[in-house]
**Q** 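Have a look at this one.
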Amino acid sequence: MKYSKQEVMQYVKEEDVKFIRLAFCDVFGIQKNISIMPGELSRAFEYGIAFDASSIAGFGDEKNCDLLLHPEPDTLSLLPWRPEHGKVVRMFSNITYPDGRPFECDTRSLLKRAVADAAKRGYHFDFGAEQEFYLFHLDENGKPTKTPYDEASYMDIAPDDRGENIRREICLTLEQMGILPESSHHEAGPGQNEIDFRYSDAVTAADNTITFQNIAKIVARRNGLFADFGAKPLNDRPGNGFHINVSVKRRNISENFPAKDLSSMGENSYKNDSAALSFMIAGILEKISDITAFLNPTESSYQRFGQNKAPEYISWSRENRSHLIRIPAAIGQYRRAELRSPDPSANPYLAFALIIYVGLYGINYERPLPEEARFNSYTADLESLKSLSQLPESLEAACRLAGKSPFVAEHLPQALIDAYCRKLPQNGNQETQTCDMEN
């Protein structure tokens, strides 16, 4: 349900809500929040709630460090694991400077801008997330171990699959929050699980992805376990993938529709466009190396590539899971492309924004789709692979490509690029840059 500010105020009063969490993310997609009391809610809506940005990764330093959180009422959600009496609710928030300017390193706002840019050009993108995670035991001090919760394999069932009840509890908790998972199952690694979500608009899909990771960790901990969303938790086992399903629709109206109204058009004003999907895929293939540092932001991300259904080469195919992009067997509204290189350490707001922009690049310039790779890239001979480029082999290589990419520079603030890709001065010491709090 979408709430207005007044409806949120009324809900908080009538439902005995005692704490309101204003949620946001740092530049790396790690969720943060401030809890306020009901008496502060009106001020939050009108003026925003200040917080110390210098303590948030990539947000700034101690100089001019105040930023403001502005809750979005239509993201109101009850946190069902909190007490029935004295309830707790959460709203996602926009971040601004004290003078009202949008904060450039707020990746949620960056995604909203990408969505608006796509709408102005007549396109709408939907996203569906598939994320994998491991369940590990805790030690006697409550610290995570690397001992898997079970030894089951792909799509096994109980009793071998001990994660069945954990996934069930995660899904039911999400359902109570209005988020509907599409499917869940045991993955190939011991203690590895996957929960998938049906497609939705970009911002909702990113909000749901952030919420899912949080709920999975809460439910796991409540059951004496640790949910690990790292790219490669176990060296000799499959890594965790963040498979991103994306579809594109074209505006289905006359060309003389007022441009100022385009960003507010409903999804029903768009229709599937197979040509746009092909151009979008071509755009992703052409720019994937430039944006990989943001889709795979840890050193272990690159240990995952080239094995256990994680791609290594820049290629596409129908249904074939050994390639970077596959087109699943689907028709009509379910026709989509699946990008298989990202992992769950990626910030979904930033990942989806970049995918929209590379998709628009492919569409705007009608980039030709390369020849389909009709072979298994894991078992193919060198002759078959020689025509394909490889994904970056390390985080350093990915950062160097991102740092010199005009495309990345066009769509991301330099401060955010620097937060991901630390500058390497001549003396070899790393110097972390943060978002400029003065400009």
Side-chain angles (χ1 to χ4, degrees), residues 24-32 48 50-70 72 92-121 125 202-203 206-207 210 263 283 287-298 342 345-361 395-396 398-425 430-439:
F24 64 102
C25 288
D26 67 16
V27 294
F28 302 109
I30 305 300
Q31 185 172 324
K32 309 289 184 179
F51 71 99
D52 177 8
S54 69
S55 298
I56 305 298
F59 273 24
D61 56 25
E62 286 76 9
K63 184 180 180 182
N64 300 322
C65 60
D66 284 343
L67 292 174
L68 296 173
L69 295 176
H70 301 269
E72 286 198 351
F92 285 102
S93 304
N94 298 316
I95 307 174
T96 70
Y97 290 104
D99 63 7
R101 288 176 297 123
F103 178 52
E104 64 270 24
C105 286
D106 176 10
T107 54
R108 190 172 186 271
S109 291
L110 190 151
L111 174 57
K112 292 169 75 172
R113 187 171 74 238
V115 170
D117 287 346
K120 289 176 183 176
R121 299 179 188 182
F125 292 79
V203 177
D207 286 347
I210 290 291
S263 62
K287 298 296 184 183
I288 188 65
S289 292
D290 292 29
I291 66 173
T292 290
F294 309 100
L295 305 181
N296 305 92
T298 67
S345 61
N347 178 340
Y349 299 108
L350 185 54
F352 293 172
L354 287 170
I355 291 171
I356 288 174
Y357 282 127
V358 295
L360 288 174
Y361 164 80
L395 180 58
E396 181 179 355
C399 282
R400 294 194 186 282
L401 290 169
K404 65 181 182 182
S405 168
F407 177 85
V408 170
E410 179 184 357
H411 296 292
L412 298 184
Q414 186 61 46
L416 195 150
I417 299 171
D418 291 343
Y420 271 79
C421 300
R422 295 175 179 180
K423 292 182 178 180
L424 301 174
Q430 287 192 339
E431 175 187 345
T432 302
Q433 301 294 313
T434 53
C435 289
D436 185 354
M437 305 299 291
E438 291 185 297
N439 294 330

**Q** Measure from the ring center of F125 to the ring center of F352 and say whether it is less than 6.0 Å.
**A** no

**Q** Could I get the full list of side-chain hydrogen bond (donor to acceptor under 3.5 Å, both in side chains) partners for S109, not counting sequence neighbours?
**A** D106

**Q** According to side-chain hydrogen bond (donor to acceptor under 3.5 Å, both in side chains), who are the partners of Y420, at least two apart in sequence or on a separate chain?
**A** none

**Q** Compare all side-chain heavy atoms of I56 with those of L67 and state whether any distance is below 4.5 angstrom.
**A**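 A side-chain contact is absent here, since even the closest heavy-atom pair is not under 4.5 Å.
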
**Q** Of all heavy-atom pairs between G58 and A419, which one has the smallest distance, and what is that distance?
**A** CA-CB, 4.3 Å

**Q** Taking C-beta and beyond as the side chain, do I95 and C105 meet within less than 4.5 Å on heavy atoms?
**A**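 The answer is no; the side chains never approach within 4.5 Å.
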
**Q** Hey, could you give me the CG/CG distance between D117 and L360, rounded to the nearest 0.5 Å?
**A**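 That separation rounds to 7.5 Å.
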
**Q** So do the side chains of F103 and F24 get within less than 4.5 Å of each other, counting heavy atoms only?
**A** no

**Q** Just verifying a value: how many Å separate L354 CG and Y349 OH, rounded to the nearest 0.5 Å?
**A** 15.0 Å

**Q** Heavy-atom distance under 4.5 Å between the side chains of F92 and V203, does that happen here?
**A** no

**Q** Between atom CZ of F294 and atom CD1 of I417, what is the distance when rounded to the nearest 0.5 Å?
**A**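 Between F294 CZ and I417 CD1, I get 5.5 Å after rounding to 0.5 Å.
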
**Q** I need the Q414 CD to E104 CD distance, nearest 0.5 Å.
**A** 11.5 Å

**Q** Quick one: list whatever passes side chain to side chain contact (heavy atoms under 4.5 Å, CB included) with L68, sequence neighbours left out.
**A**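 Per chain and number, L68 pairs via side chain to side chain contact (heavy atoms under 4.5 Å, CB included) with A50, H70, T96.
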
**Q** Residues two or more places apart in sequence or in another chain: which of them pass side-chain hydrogen bond (donor to acceptor under 3.5 Å, both in side chains) with T107?
**A**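 T107 satisfies side-chain hydrogen bond (donor to acceptor under 3.5 Å, both in side chains) with N347 once adjacent residues are dropped.
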
**Q** Starting at SG of C25, measure out to CG of L350 and round the result to the nearest 0.5 Å.
**A** 11.0 Å

**Q** Using side-chain hydrogen bond (donor to acceptor under 3.5 Å, both in side chains) as the criterion, list what pairs up with K112, not counting sequence neighbours.
**A** E72, N94

**Q** So, do L401 and T292 sit near enough that their side-chain heavy atoms are less than 4.5 Å apart?
**A**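 Sidechains of T292 and L401: no contact.
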
**Q** For A202, give me all partners under side chain to side chain contact (heavy atoms under 4.5 Å, CB included), at least two apart in sequence or on another chain.
**A** L111, V115, F127, I356

**Q** Of all residues at least two apart in sequence or in a different chain, which pass the ring-ring contact (aromatic ring centres under 6.0 Å, His included) check with H411?
**A** Y357, F407

**Q** Go through the structure and list residues passing side chain to side chain contact (heavy atoms under 4.5 Å, CB included) with S55, not counting sequence neighbours.
**A** D52

**Q** Are the side chains of R108 and D207 in contact, using a 4.5 Å heavy-atom criterion?
**A** yes

**Q** Please find the pair of heavy atoms, one from A353 and one from L110, that lie closest to each other, and give the distance.
**A**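 It is CB-CD2, 3.3 Å.
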
**Q** I need the minimum non-hydrogen distance between A57 and V27, along with the two atoms involved.
**A** O-CG2, 3.4 Å

**Q** Can you list the residues that meet the side chain to side chain contact (heavy atoms under 4.5 Å, CB included) rule with L395, with sequence neighbours excluded?
**A** E299, Y302, C399

